[in-house]
Amino acid sequence: GENVEQHPSTLSVQEGDSAVIKCTYSDSASNYFPWYKQELGKGPQLIIDIRSNVGEKKDQRIAVTLNKTAKHFSLHITETQPEDSAVYFCAGPDRGSTLGRLYFGRGTQLTVWP
Amino acid sequence: DTEVTQTPKHLVMGMTNKKSLKCEQHMGHRAMYWYKQKAKKPPELMFVYSYEKLSINESVPSRFSPECPNSSLLNLHLHALQPEDSALYLCASSLGQGAEEQYFGPGTRLTVT
């Protein structure tokens, strides 16, 4: 199965600064990489994802980059706002016997200070 | 619309009780999932249903019993739970089991006393 490692586990930034969270994966066959945002008391929300045929994808203030050679992908949040404070999870899907299973990173608690 | 709904939002039950968690989606998705999430941890997969048939059981104890009555509904029946089963139980759905985009519900916060 896939092995996804996520860093850092906590990240504090000042409002307006940028935040970057990085994940590495082990399965070179992996071709889909989602990012989830989980606010306190809520379920994870899919905020952006990327497929292996592109190197970068952007949606307003958030972007995801993928380096297939190095097997890592990163979430970039620019002009951070207090409402960006949440736990962010990266994930990689199983391409093998447990198709449909998502392997999650351990999560990053992002705090944006006003 | 990418909404998955779950009821109840909170549940407190004793170790001898029987209760059920419910999940519903109307996106036409044919794969539905149950996850368990402990505090400060990522979600852990419990069960996957594909076209209303159980596809994956991640060696979950039999005190958890899933049911998929139709393509829009997913239940999780609980019986004789232990305090360590207290957690956030999340339902998710995707277009098919091989489709990567999974959409999560808000979860049921379960406390076993």
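Naming convention: chains lettered A, B, ... in sequence-line order (proteins, then strands); numbering from 1 in each chain. All values derive from a computational prediction rather than experimental measurement.
Applying the 6.0 Å contact sphere to CD of Gln60(A) captures no more than 12 heavy atoms from other residues, nucleotides or ligands. For Lys58(A), the NZ atom is loosely surrounded, since the number of other residues' heavy atoms within 6.0 Å does not exceed 12. Annotation: Gln81(A), atom CD; neighbour count of heavy atoms from other residues, nucleotides and ligands within 6.0 Å is above 12.
With a threshold of 4.5 angstrom between heavy atoms, Pro34(A) does not approach chain B through any atom at all. For Gln38(A), the part sitting under 4.5 Å from any heavy atom of chain B is the side chain, from C-beta outward, and nothing else.
Under the 4.5 Å side-chain heavy-atom criterion for ILVMFWY residues, no single connected hydrophobic cluster contains both Leu45(B) and Tyr49(B). A single hydrophobic cluster is seen to contain both Ile21(A) and Val112(A), as judged by linkage of ILVMFWY side chains at heavy-atom distances under 4.5 Å, directly or through other members. Hydrophobic clustering (ILVMFWY, side-chain heavy atoms < 4.5 Å, transitive): Leu74(B) and Met27(B) are in distinct clusters. Two different hydrophobic clusters hold Leu88(B) and Leu21(B) under the rule that ILVMFWY side chains link at heavy-atom gaps under 4.5 Å.
A distance of 8.5 Å separates CD of Gln37(B) from CZ of Phe104(A), quoted to the nearest 0.5 Å. We find the CG-OH distance between Leu102(A) and Tyr33(B) to be 7.0 Å, quoted to the nearest 0.5 Å. Distance check, rounded to the nearest 0.5 Å: CG of Leu46(A) to OG of Ser94(B) gives 11.5 Å.
Taking Gly107(B), Gly105(B), Pro43(B) one by one and counting their heavy-atom pairs under 4.5 Å with chain A, the maximum is reached by Pro43(B).
Smallest separation of non-hydrogen atoms from Gly43(A) and Leu90(B): CA-CD2, 3.8 Å. Nearest heavy-atom pair, Gln102(B) versus Tyr36(A), reported as atom, atom and distance to 0.1 Å: O-OH, 2.7 Å.
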Phe104(B) and Lys42(A): side chain to side chain contact (heavy atoms under 4.5 Å, CB included), yes or no, with the steps? CA-CA 9 Å; Phe104(B) 285 81; Lys42(A) 296 185 178 180; over 6 Å; no
